[in-house]
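Data block below; observations after.
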Amino acid sequence: MELSWMNECLTLNINGQVHELDVPSTAPLLDVLRNHLGLKGSRYGCGLEQCGACMVLIDGVAAYSCSREIGTLSGRTITTVEGLGSADALHPLQQAFLDEQAGQCGYCLSGILIAAKAFLDRNADPTRTEIAAALDANLCRCGSHPRIVRAVLKAAADMRDKEAR
């Protein structure tokens, strides 16, 4: 009989790198990202899938990492906010958020960037209303919503322009 708290050797693809991990299969993905891999971009907010601060992409779909057990992710591709771009080559969303000064405290931004990325991958030419609906699961207490929506609109336009070239 295997006990759920026992460690397992898991192989995960995170931000394009393969990681061999020896962790309990029931450990939350967020804990593994932050405490075992040093990827601090995803934040712990509520632990109840209510705020979106912990969002990551799993096979291109925005998902909460606070409650996702690591043992369910074998063979899946995980992207954190650190995997979107680099300091030398920001993702268009990251650049647009800087250009529009869309972040105030920044606590929610990693989850919002992830949710926006997943949304723009599905809808390259969104309206303000569609963006607001797509980001509804992400809480921002600073009141940056108008700048966030403006930044997503800008990123969408920049991505369309880049694709057209």
Return the minimal non-hydrogen interatomic distance between [X] and [Y], and the atom names on each side.
{"X": "A156", "Y": "P126", "answer": "CB-CD, 3.8 Å"}
{"X": "C140", "Y": "I148", "answer": "SG-CD1, 4.3 Å"}
{"X": "E20", "Y": "C9", "answer": "OE1-SG, 3.6 Å"}

For a side chain to side chain contact (heavy atoms under 4.5 Å, CB included) check, start with the C-alpha distance between T11 and V18, then their side-chain angles and the critical distance, and finish with the verdict. CA-CA 7 Å; T11 302; V18 175; 3.4 Å; yes
Checking salt bridge (Lys or Arg N to Asp or Glu O under 4.0 Å) for the pair D161/R165: CA distance, chi angles, key distance, verdict? CA-CA 7 Å; D161 289 348; R165 287 186 242 155; 5.7 Å; no
For [Y], is there any backbone N or O sitting under 3.5 Å from a side-chain donor or acceptor partner on [X]?
{"X": "R43", "Y": "S110", "result": "no"}
{"X": "Q94", "Y": "H91", "result": "yes"}
{"X": "Q50", "Y": "L48", "result": "yes"}
{"X": "R34", "Y": "K40", "result": "yes"}
{"X": "E82", "Y": "G41", "result": "yes"}

Applying side chain to side chain contact (heavy atoms under 4.5 Å, CB included) between N15 and each of L39, I78, L37, report the one that passes.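 Exactly one pass, corresponding to L39.
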Distance check, rounded to the nearest 0.5 Å: [X] atom [atom1] versus [Y] atom [atom2]?
{"X": "I14", "Y": "L57", "atom1": "CD1", "atom2": "CG", "value": "12.5 Å"}
{"X": "K154", "Y": "E100", "atom1": "NZ", "atom2": "CD", "value": "6.5 Å"}
{"X": "T79", "Y": "K117", "atom1": "OG1", "atom2": "NZ", "value": "7.5 Å"}
{"X": "C142", "Y": "L109", "atom1": "SG", "atom2": "CG", "value": "8.0 Å"}
{"X": "M159", "Y": "L120", "atom1": "CE", "atom2": "CG", "value": "5.5 Å"}
{"X": "Y64", "Y": "C46", "atom1": "OH", "atom2": "SG", "value": "8.0 Å"}

Between the side chains of [X] and [Y], is a donor N or O closer than 3.5 angstrom to an acceptor N or O?
{"X": "E69", "Y": "T26", "result": "no"}
{"X": "S144", "Y": "R147", "result": "yes"}
{"X": "D158", "Y": "Q95", "result": "no"}

Give a yes or no on whether L153 and L93 share a hydrophobic cluster (residues Ile, Leu, Val, Met, Phe, Trp, Tyr; joining criterion: side-chain heavy atoms under 4.5 Å apart).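 In one cluster: yes.
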Any heavy-atom pair between the side chains of V152 and V149 that's under 4.5 Å?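 No, too far: nothing below the 4.5 Å cut-off.
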Residue pair I70, L73: steps toward the side chain to side chain contact (heavy atoms under 4.5 Å, CB included) verdict: CA-CA 6 Å; I70 198 77; L73 298 170; 4.2 Å; yes
Apply the test side chain to side chain contact (heavy atoms under 4.5 Å, CB included) to residues E8 and V23: give CA-CA distance (whole Å), side-chain angles for both, the deciding distance (0.1 Å), then the verdict. CA-CA 6 Å; E8 275 186 49; V23 296; over 6 Å; no
Apply side chain to side chain contact (heavy atoms under 4.5 Å, CB included) to T127 and I131, showing your working. CA-CA 6 Å; T127 65; I131 292 168; over 6 Å; no
